[in-house]
Each structure stands twice: as structure tokens, then as C-alpha cells.
Participant: 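Structure below; questions to follow.
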Amino acid sequence: MTWCEIKNLQSVPLADIPVMKFSSLRNQCIEMISKGCRVVQFFGDMDKDCIILYVVLADDEQSKLYLAASSFSENESFESITPEVKSFHLFEREFYEQFGIKPDGHPWLKPVRKGIAGVSGNEEQYEFFKMGGEEVHEVGVGPIHAGIIEPGHFRFSCHGEKIYNLEIELGFQHRGIEELFIRKSSPIYLLKLSESIAGDTVIGHTGTFVRAIESLGEIDISRSAMAIRVIAIELERIGIHLGDLSAISGDVAYLTGNAVFGALRTKVINTTMAICGSRFGHDFITIGGVNYGIDKVLKDEISQMLAKLEKDAELASEVLFSSASVLARFEKTGIVSYQTAKEVGLVGPAGRASGIALDVRSDHPYGGFSQFPVHKLTLKTGDVFARAYIRYVEIMQSIRIIKEAVEYSMEDELRKEGGGLLPNRIVVSMSEGWRGEIVHAAITDESGKLKRYKIKDPSFNNWIGVALAVRNNGISDFPLCNKSFNLSYSGFDL
Amino acid sequence: MFDLLKLRLRHGRQAIPNLRKAEVLETFRGFPIIDESINPECSTKCSEICPTGAIEINPLRIDLGKCIFCGECERVSNGAIKFTNKYRLGSSKRDTLIIPSGRKYEEFDVAAIEVKKEIHKLFGRSLKLRQVSAGGCNGCEMELGAATNVNFDIGRFGIDFVASPRHADGIVITGPISINMAPALSDAYTSISDPKIVIAVGACAISGGLFSTSNQINRSFLDEVPVDLYIPGCPPHPLTFIHALLDYLGR
């Protein structure tokens, strides 16, 4: 059977998705991946009395997505794809946890969000990998961490200072978001819920959500709204990247960087607030467009802020990256090789820092990014230096993108009304959040109501990157490695 | 070397000199002025559109503890609801956060925080806080972190976030309290020695916010433990947090 071929944000009838035997699906996945495809979604849905597994593969070079499905009855199992293609590892574990369909032969079948010890007797408890040997010790950090940060548990197997293995247990922030997306029907509630999937990625997740709904609702937003959304997401990207450079500087005791980048971040998020009233972009984007326009006064404000920011960010970054004490900590720390990054499926700046040239704005253009093409920037070393430096490069790139976008005409109507959603359809909505590739998949029932809403935050791909990056590094470098990724706990835990 | 000096000079002095007089932009959604008489027919629309159920009618009122300041009610209220940029919203009493039609900001402000002499005596010059994110989305957490940055610098008041509950005078809770974090939250609170205070930051912590009907949260911790200070917002602006703390400490 041939897979259903679509593009990002193109909805299709569910009936168009071929439902095949899992063994065929498995073989075809392996073949398509060997030819250059990549898994971007792999999730289940209840359908009457069976469980349907949907698989979405991306061909980034051709900007195409391929969909296929397989059907299981309760308690069935399947042959795990992970031993052949490692990037399926977490998807299969999640599918098992959500639907009970076991991937036989999975090398690391453990809970994803529900294995917290002592919380519930019923759920499978998390068992950590144990390293044997003389003088070997285990260090457990979390869930509560030293700083003001979300919780997660990190279990290190160490010998002296050196980390041999890090295992990350998440799920502490699980709030039941996917269930709320289906149970609640108010579009405004769902819009606000998408703002809270990861509170530092408001524009990223909300944009992905509204575009999925606009596709299913056949709403074409205005060009001005598209340009404003581009400005919104790039402001978010710049603001967070500056904050990350501030935090990473702090971790190597480079206090000048910590102070300066923190002050620069304030300027950027206050610009977002000047447009929409919220430093994080709440209420900026809505279904059908945006809630706020950019008049001449705001446009001048934004342009002035950017002009100054460009100079300040450049100076601050040049000073940071030429400081010997900083380089001594950054370089060769927390290396993730290109090969490893490709095998496990890293995305976003962390992936690009290891040479993985993926960027949804470029590979599967959406919204205004067809008008404002984005050049993919990669580095080679895959260490903390690369993950920090790439943020600097992306800040400068995003400044240029916003400079172009503000010149766009803002005369069109900001918000278009829509009707209901097309029934019995599926749409895959992908976008490039500041952490990387966000993928939402939405399925409607026969009355046009959402019946399944599957969310993949880029952290879902990248947490394994943190675990692999710290191997063979000193445990005192763990905070630095972790901050160089800066992944979401709540976006992962949902 | 010279670039470093240049950078230092350009950075200049970033601390907001007088936080008590700091202003936020007009666009900021802070205290809501509600006047039902302007448009009584809009009350039902407002209450129905609110994503967290913060709006009740007969009479029209907004619960700032549930409000996420999204602005949707303002849009359909035809003038009956107007969010001002007054960011000082913290309260030491839960029911003060319920704003009825006709309540003036000054009335709210003067009643919001009860200053206790013991609190001023114990913590007025040094307050160390342990932050626990119990299912927070990272919005509140980032704004609490921003309160310690070079612009807001709450360290100047002796207020700091500490790494261990054993070093803390109080706990700052964000998030609706997910089931998976409920035990850890409870342990952290128990580990803080008396006297201690509890601060709930953000709509999720105060009322569950958007997640109040989720079956993955467990707020029973708050049935046993009294909250001393409520900071509304989604997320609250750093100034909201700072002013509430300064008021509470009697500074």
C-alpha cells in the first residue's frame, strides 16, 4: 500500500490513510527512513473497539509528509522498530503507556510520564539503570532542583567525577493536556490551553495550534496577520535565546554575560508586551489571525529596539565567545556527535549545533515563512560552545527576519472569522519553535469536533540528547550541559 | 579587554532605581475596572467566554485568583470590563481577589494586604524563599527568575531564592499541583522549619487555573496548608510579585 502524501498543514480525509498490517508498516518505515525520511509523529487513537496507530514520516528535502496507519486490538503487541531505527524509541514507549500496545524487543521499555515512585500503586514504577563495580556511586537530582526551574529527576551513574550514564525520569509536570483538548470544546479555552503547553513557548505552540484549526476550518488568514505572526515568533526566539545566553554565562561564572544578556532579554519581551500586553505573547495570536496590529508608531519602536539590540547583542556575544575562561568551559564539553544526533533524531538548535540541518521554517514552510525564507545554520562540534554560539547566530538571523517583516503592509484585516471544522479529517501542523520542531496532529470526528489532539514538543526528541551529551563529562558540568539544551519539562510531560 | 569595557559602559546601570514607582506599559492587563451598568446584556457573554470560569454574574464579578488576564471578556464586554495597567494585585486574603462591579482600584489596593507585625519583624530585612514548580508551565517560573535579574533585583531587599528548603523561610508555589509533584511539594514544605510562609504565584497555584478540571492534579496540599500571600497573573509580572512581597513585609 502506498502511504498518503501530504504537506505541512494540508488536511486530508481519514479514509485516505492506508491501514496496513503492522509488519508491512514496520518494513516500509525502515525502508523510507533509510532513504532519508524521519519520524515526526507516532501516536494512537481509540476507534470504536480497536486502537489505530498513526505514523507520520517527513521527507525534509521534498517538504513532504507521509501518513499510514495500523490497527490493533486491546493488549496486542508489535515488533519494535527501535532496534533498527533508534529515533522511534520514545514514541513506542509513549504509545505503550497511553494504549497498552507493547513494542516487543524494545531495548528500554520504561514509563514516559507515569512512573513516579510512590505516587500510584497501579502504574509501572520507574526502575533506573544500575551500574555495578567498586567505588561506583549514584547521584540523584530532583525532582525539585536548586534554581527556579521545572522539576525532573536525573539519575547519574558515576565513578569519581566522571558520569558514565545519565537517566532522566520525567512526568512530574503532567497535567493531562491532551485529554483536556478533547474533553473541552470551547475554542477560546483550547487557544489558552495551547498557550500553556509550555509557558516559555507561547507563540510556538499557539501558532501551531491555530494553524491546524485554520486548516481544518478552511480559514485563510490575511497577509498582514501572517507577517505579524512571523514577528511574534521571532521575538519569542530572540527573547529566549538571550535569556539562555544569560543563564549559560551564569553557569560558567561569567557574570558580565549573565547581567548583560538578561538586560537585553528584558528589552525584547517588553517589545512583545508593547504589541499585545503580555511579555510572553499571551493573547497575541488567535484563531483566524492576530489580536493586535502594528501601526506606524509601534513599527518605529520595534525598528529602533532592533537597531540597538543588533549592536548590543553582537558586542556582548563577541566578548563572551572570546573570553578564555568561558571557552575553557564551553569547548569540548557535552559533545553530541553528528552520528548520534542523527540516530536519535535531535531537532532544533541543539541538533543544528551537531550538524543536523533541520529547520521547519525552511523544510516545511508555513505561514509567513514562505515569504521570509530562512537559511539553515549549522555548526559542527556539537559541544556546549556550539549550542551556545548557534543561539547568537540565530538571534542575529531573527533580527533580520523581523526587520523584513515589519516592512510588510499591515493594512489587511487582522482576524478572519471561521465556521466549523471539516469532519473526519486529519491534519499535521509543524512549526519551528525556539527549541525546535513542534508537531501537532489533529483528528476530527463526524461532527467536526476534535477527537484526538497529539502534541509533540521538540523536547520529546531532545531529552535523550542531554543524557548522551553528559557521558564522560564531569558531573559538575551537568548544569552547563543541561542549560545548553534548555528543554521543556512541561512541554514534554503535557 | 577594551571590548569588555565598552560592553560594560553600554550596559550601564540597569537596576530600576525605585521599584515602588516603576511603571508598566498601557497595554499591560492588570486590575480590571468593572461597570456592569455600561452594558448589562454583555455579562452572560463575558461569563461564557472566560476560559477559567473566573467570571460570575448576578452580580458581575471577576475572581483574580482564577483570571488569566487573557482579555477575551474585555473584547465582548462592550466597555463593561476594562483592564487597567495597575500591576499591584497581590493579596493576603483569598476573597479580596474577587472584584465586583464598581470596585475602585484604590479600594482594592488598601484592603489587599494585611501587614502583620511579626512578619515584618521576622522577615522584613531578610526573606529566603524556596520555589517549587508543581506542574507550572514555566511562565511563572521565568517571571520569578526575572525578579532576580539586574533590572528588578529583589536581592536588594534581602529577598532571595535558595537551593534548599532547609535554608528557606517560605515556599513559593507555581503550577496547579500535578499528582506527580504533590508528594515532593509536601516534602519540601515539611522540610522548611518554622516560622514559614506560603506564597501562591499565578492562577494555576491559586485556583488550578486552566487545569482546575484536569484529573491529573491533586490540590489536597492546600486543604491542609494555609496560604499567606496570593499573587494573581498568568504569569504575574515581576513587579506584581515584588510589590506584593514588599507590602506583605511591611516595607
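By convention in this document, chain letters (A, B, ...) are assigned in the order of the sequence lines, proteins followed by strands, and residues within each chain are numbered from 1.
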Participant: So for Tyr489(A), is it side chain, backbone, both, or neither that comes closer than 4.5 Å to the heavy atoms of chain B?
Facilitator: neither
Participant: Quick check: closest heavy atoms across Ala205(B) and Leu222(B), and the distance to 0.1 Å?
Facilitator: O-CD1, 3.7 Å
Participant: Name the orientation class of the two ring planes belonging to Trp434(A) and His241(A) (parallel below 30°, tilted from 30 to 60°, perpendicular beyond 60°).
Facilitator: perpendicular
Participant: In terms of heavy-atom pairs under 4.5 Å, which option from Ser323(A), Ser488(A), Gly199(A), Gly262(A) contacts chain B the most?
Facilitator: Gly199(A)
Participant: Where on Phe152(B) is there a heavy atom nearer than 4.5 Å to chain A: the side chain, the backbone, both, or neither?
Facilitator: side chain
Participant: So which part of Asn85(B) gets closer than 4.5 Å to some heavy atom of chain A, the side chain, the backbone, both or neither?
Facilitator: neither
Participant: Tell me whether the guanidinium CZ or amine NZ of Lys128(B) lies under 6.0 angstrom from the six-membered ring centre of Phe161(B) and within 45° of its axis.
Facilitator: no
Participant: For the candidates Pro235(B), Gly209(B), Ala188(B), which exhibits the highest count of non-hydrogen atom pairs separated by less than 4.5 Å from chain A?
Facilitator: Pro235(B)
Participant: Is Ala146(B) in contact with chain A via its backbone, its side chain, both, or neither, using a 4.5 Å heavy-atom distance?
Facilitator: side chain
Participant: For chain B, which of Lys184(A), Glu318(A), Arg183(A), Arg265(A) has the most heavy-atom pairs under 4.5 Å?
Facilitator: Arg183(A)
Participant: Between Ala184(B), Gly71(B), Gly136(B), Gly145(B), which has the largest tally of heavy atom pairs under 4.5 Å with chain A?
Facilitator: Gly136(B)
Participant: Kindly indicate, with the supporting measurements, whether the criterion salt bridge (charged side-chain N to carboxylate O under 4.0 Å, His left out) is fulfilled by Asp312(A) and Lys267(A).
Facilitator: CA-CA 11 Å; Asp312(A) 289 342; Lys267(A) 299 240 162 38; over 6 Å; no
Participant: Quick one: NE2 on His174(A) to CD on Glu179(A), what's the gap to the nearest 0.5 Å?
Facilitator: 8.5 Å
Participant: Under a 4.5 Å cutoff for heavy-atom pairs, which residue among Arg10(B), Arg75(B), Glu48(B) has the most contacts with chain A?
Facilitator: Arg75(B)
Participant: So, taking the atom named CZ in Phe181(A) and the one named CD1 in Ile455(A), what distance separates them when rounded to the nearest 0.5 Å?
Facilitator: 4.5 Å
Participant: Under 4.5 Å heavy-atom distance to chain B, tell me which part of Arg175(A) shows up: side chain, backbone, both or neither.
Facilitator: both
Participant: Checking heavy atoms, do the side chain of Thr213(B), its backbone, both or neither come under 4.5 Å from chain A?
Facilitator: both
Participant: Are Phe28(B) and Tyr87(B), when compared by the centres of their aromatic rings, separated by less than 6.0 Å?
Facilitator: no
Participant: Please tell me whether Thr272(A) and Glu236(A) have a donor and an acceptor in their side chains that are separated by less than 3.5 angstrom.
Facilitator: no
Participant: Please state whether the side chain, the backbone, both or neither of Phe280(A) comes within less than 4.5 Å of a heavy atom of chain B.
Facilitator: side chain
Participant: If I take atom CD1 from residue Ile177(A) and atom NE2 from residue His205(A), how far apart are they, to the nearest 0.5 angstrom?
Facilitator: 8.5 Å
Participant: Report which part of Ser196(A) has an atom under 4.5 Å of a heavy atom belonging to chain B: side chain, backbone, both, or neither.
Facilitator: both
Participant: Say you draw a straight line from CZ of Arg219(B) to SG of Cys204(B); how long is it, rounded to the nearest 0.5 Å?
Facilitator: 8.5 Å
Participant: Counting only non-hydrogen atoms closer than 4.5 Å, does Leu180(A) touch chain B with its backbone (N, CA, C, O), its side chain (CB onward), both, or neither?
Facilitator: side chain
Participant: Just so I understand: if I count every heavy-atom pair under 4.5 Å between each of Glu141(B), Gln131(B), Arg29(B), Glu72(B) and chain A, which residue has the most?
Facilitator: Arg29(B)
Participant: Heavy-atom distances under 4.5 Å only: say whether Val162(B) touches chain A with side chain, backbone, both or neither.
Facilitator: backbone
Participant: Is the centre of the Tyr189(B) ring less than 6.0 Å from the centre of the Phe221(B) ring?
Facilitator: yes
Participant: Among Asn149(B), Leu129(B), Asn151(B), which residue has the highest count of heavy-atom pairs closer than 4.5 Å to chain A?
Facilitator: Asn151(B)
Participant: Please flag which part of Ile240(A) lies under 4.5 Å from any non-hydrogen atom of chain B: side chain, backbone, both or neither.
Facilitator: side chain
